[in-house]
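These numbers come from the heavy atoms of this one structure, side chains and all, not from hydrogens, waters or symmetry mates.
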Amino acid sequence: MDGLSLAIVAGVLSLVFATYLANRVLNADEGTERMKEIGAAIQEGANAFLKREYTVLAGFVLIVFAVLLALGYLREEQSPETAIAYLVGAVASALTGFVGMRIAVKSNMRTAAAAREGLNKALRVAFSSGGVMGTTVVGIGLLGTAILWLVFEDAGIVAGFSFGASSIALFARVGGGIYTKAADVGGDLAGKVEAGIPEDDPRNAAVIADNVGDNVGDVAGMGADLFESYVGSIIAALALAATATAFVTSDGSIENLYILPFLIASVGIVASILGTFIVRTGETANIGSLLWSLRRGIFAASILALIGSFGAIYWLLEIESSLGIDKVWQMWGAVAIGLLAGVVIGISTEYYTSYEYNPTKGIASRSVTGPATIIITGFATGMLSTVIPLVVIAGAVLGAYELAGVYGIAIAAVGMLSTLGITLATDAYGPVADNAGAIAEQAHLDPEVRERTDALDSLGNTTAATGKGFAIGSAVLTSLALMAAYAKVVNLEAIDLLEVSTLVGLLIGALMPFVFSALTMEAVGRAAQDMVEEVRRQFNEIAGLREGKEGVRAEYAKCVDISTKGALREMIIPGLLAVIVPIVVGLIPFLGAEAVGGLLIGSIAAGSLLAITMANAGGAWDNAKKYIEAGAHGGKGTDEHSAAVVGDTVGDPFKDTSGPSLNILIKLMAIVAVVFGSTFVS
């Protein structure tokens, strides 16, 4: 069996395992009638939002498809098959988001029900749900790229698949992020801060919209985001295979270099599946032991992927291609660098965002002097947290380049993302645990159940931050590889920073993350204001709601509608900017192809730093609040807790809307440059 066939088998295996996990989740106990009722409301809201979002996106996808098709027939350098690959990528990305969201909304109440029996059982249900998302993403991603490569054998055409995935990912991330944070921020301000009621209290009209948002933003959005990174890294390696002249066989063939990324991804899928069986915990609700229960699975998968990758590379480069053991070690070194970089970035993110460590504890300690000092310290912590990831990424780029050139950078990105099946599972598990806690609160389950779900939720905040750090790190490596692929497409030997056009492009690229973040944060602010006013109205107009009178229910559907309309209205302009700006810069005569190269450099440098700052600051603010709620500095209901809630609401759009959307922005601009590069002014 050749390497490409193995990749297809691995993709099918991943989807079979996703089906197994989904069945395990669906066979779990759904809980009481009240829990089922709440779960059904969340599911209804999530389905309605995705349906409306995908309807809007279908129009955009069809327009881009028509443009690519027209260019394919009008320009010799462009192929009409790119339009087909684009359409397949868009559909595949939407499908992964839908599958992940679908299983997440069904597992929320089941996790809460499992928490009545024990912490480990609840963890297994929530993690299995995340595993469905992770294994679906890698399965569809590997199958899609492998089949398209098998059919077309042209990296330029297959790049359309990544473009389609990027398009959906950005809109899904931005739209889902606006939805979830409008509900979360609005609900917190009108509920916890103004009305003084607990988080997830059923009297808060925004509570169901908040639960829906966790699924459409942190599950569907993150899944689409990392799906794009995964396929983008493989496609970048395909595009750069011809540059790895040191690894060409004696007969001049580079077929082995085209097969290698598929083999590494296949090994990673098997390693991730095996790693999921190691994730389990005891019954003590301790964040440290819970963290290690997930770390064990990730570390085991990484070690297995390293061992398996060496075997795959040895078989391909030594046995099949007779390139020598030195070449095997060099290429394996690039894979190892990528994997190790991903693990270090994850650990660094945990350090800066978990309340087990001093940075988040330090933020919480500032609560004694009010929200201003919490915000100042949290933002400073976010900025400082960029040091380790950027140094690690820089070292990874340098090491991978020394071993295998620019192709080695792409292979390092493939290596980093090879265990995405389990890495994404630990991230997608978080929103499920969060919603399980909300359901436990709304269904008035025993306090012991809420204790367990809160422990899982606190862990989820950290794993979500870790997932975002991992996503940003992989986005930088993938974008750098795509930038090298772009230079190859437009025949640039080098991007000269002393050229005026390049400098102008660099400044525009550095500006883009800030404009994009401003637009998305403003969008959250506007939608959250509408949410606050609606929650206030219901408290004032619905008799007995504030007091929790028996039989009185909030009008949840109105808040769901506010979040939906706000997200769909506000996601369009930021999404279009990412596609339009690189094309406009490339088509302007006095800027052109080299300016786009500068634009990519500027966006990667500024975007990665801003993304890490925002994601980690937001995660640290959130966990500082959780630390106080666990009993530190007076606990719930104190002035310190109120100050921490303000910090958390500031951090919400940082960590769940603007920050994680930036890594898609830099990848999307890079893949747009690759796809449309042949039309740019040279």
> Do any pairs count as a salt bridge (Lys or Arg N to Asp or Glu O under 4.0 Å) and have a residue in residues 559-584, sequence neighbours left out, and if so which ones?
Replying inline: R52-D561, R526-E570, D561-K565

> Is the backbone of F654 close enough, under 3.5 Å, to the side chain of S658 for a donor and an acceptor to pair up by distance?
Replying inline: no

>> Under the criterion side chain to side chain contact (heavy atoms under 4.5 Å, CB included), I'd like the reasoning laid out for L170 against M571: C-alpha separation, chi angles, the key distance, then a yes or no.
In response: CA-CA 9 Å; L170 185 63; M571 74 179 185; over 6 Å; no

> For L390, what residues pass the side chain to side chain contact (heavy atoms under 4.5 Å, CB included) criterion, not counting sequence neighbours?
Replying inline: S608, L609, I612

>> Could you go through C559 and S563, starting from their C-alpha distance and side-chain angles, then the distance that decides it, and tell me whether this counts as side chain to side chain contact (heavy atoms under 4.5 Å, CB included)?
In response: CA-CA 6 Å; C559 290; S563 272; over 6 Å; no

>> Under a 3.5 Å cutoff, is there a donor and acceptor pairing between the side chains of S129 and S107?
In response: yes

>> Is it the case that the side chain of S479 and the backbone of V476 share a donor-acceptor pair, with hydrogens and angles ignored and the cut-off at 3.5 Å?
In response: no

> In Å and rounded to the nearest 0.5 Å, what is the CG to OH distance from L420 to Y230?
Replying inline: 7.0 Å

> Among pairs that include at least one residue of residues 656-676, which meet salt bridge (Lys or Arg N to Asp or Glu O under 4.0 Å), considering only residues two or more places apart or in two chains?
Replying inline: K181-D656, D225-K667, E228-K667, K468-D656

> Just checking, is any N or O donor in the side chain of S474 or T478 under 3.5 Å from an acceptor N or O on the other one?
Replying inline: no

> Hey, is the main chain of M383 close enough, under 3.5 Å, to the side chain of T386 for a donor-acceptor pair?
Replying inline: yes

> Is there a donor-acceptor pair under 3.5 Å between the side chain of N623 and the backbone N or O of T353?
Replying inline: yes

> Does Y86 have any ring-ring contact (aromatic ring centres under 6.0 Å, His included) partners at least two apart in sequence or in another chain, and if so, which?
Replying inline: F163

>> So, taking the atom named CD1 in I671 and the one named CG in L600, what distance separates them when rounded to the nearest 0.5 Å?
In response: 10.5 Å

>> Using the ring-ring contact (aromatic ring centres under 6.0 Å, His included) criterion, which residues pair with Y357? Sequence neighbours excluded.
In response: Y351

>> Using only atom types and a distance under 3.5 Å, with no angle test, would you say the side chain of N47 pairs donor to acceptor with the backbone of E44?
In response: no

> Who pairs with E533 by salt bridge (Lys or Arg N to Asp or Glu O under 4.0 Å), at least two apart in sequence or on another chain?
Replying inline: none

>> Keeping T502 on the side-chain end and L497 on the backbone end, is there a donor-acceptor pair under 3.5 Å?
In response: no

>> Please determine whether side chain to side chain contact (heavy atoms under 4.5 Å, CB included) holds for the pair I409 and L477, giving the CA-CA distance in whole Å, both sets of side-chain angles, and the decisive distance to 0.1 Å.
In response: CA-CA 7 Å; I409 297 173; L477 279 182; 4.2 Å; yes

> Partners of Y627 by ring-ring contact (aromatic ring centres under 6.0 Å, His included), sequence neighbours excluded?
Replying inline: Y355

> Got a second to check how far I601's CD1 is from L480's CG, nearest 0.5 Å?
Replying inline: 9.0 Å

> When rounded to the nearest 0.5 angstrom, what distance separates CE in M101 from OG1 in T96?
Replying inline: 11.5 Å

> So, W621 versus F379, ring centres under 6.0 angstrom or not?
Replying inline: no

>> If the condition is ring-ring contact (aromatic ring centres under 6.0 Å, His included), which residues does F171 pass it with, not counting sequence neighbours?
In response: F60

> Side chain of S365, backbone of G362: donor and acceptor closer than 3.5 Å?
Replying inline: yes

> Heavy-atom distance under 4.5 Å between the side chains of S385 and T349, does that happen here?
Replying inline: no

> salt bridge (Lys or Arg N to Asp or Glu O under 4.0 Å) with D530: which residues, sequence neighbours excluded?
Replying inline: none

> Does any non-hydrogen side-chain atom of L384 lie less than 4.5 Å from one of Y352?
Replying inline: yes

> Which pairs pass side-chain hydrogen bond (donor to acceptor under 3.5 Å, both in side chains) with one or both residues in residues 595-607, sequence neighbours excluded?
Replying inline: none

> Listed by chain and number, what are the salt bridge (Lys or Arg N to Asp or Glu O under 4.0 Å) partners of R366, not counting sequence neighbours?
Replying inline: none

>> If the condition is side chain to side chain contact (heavy atoms under 4.5 Å, CB included), which residues does T423 pass it with, not counting sequence neighbours?
In response: T419, F470

>> In the structure I gave you, are the side-chain heavy atoms of V674 and M483 within less than 4.5 Å of one another anywhere?
In response: no

>> Can you tell me which residue among L519, T520, I573 is in a side chain to side chain contact (heavy atoms under 4.5 Å, CB included) with V174?
In response: T520

> Just how far is it from atom CZ of F227 to atom CE of M133, taken to the nearest 0.5 Å?
Replying inline: 9.5 Å

> Atom CG in L507, atom CE in M512: separation rounded to 0.5 Å?
Replying inline: 14.0 Å

> Any side-chain heavy-atom pair from L599 and L506 closer than 4.5 angstrom?
Replying inline: no

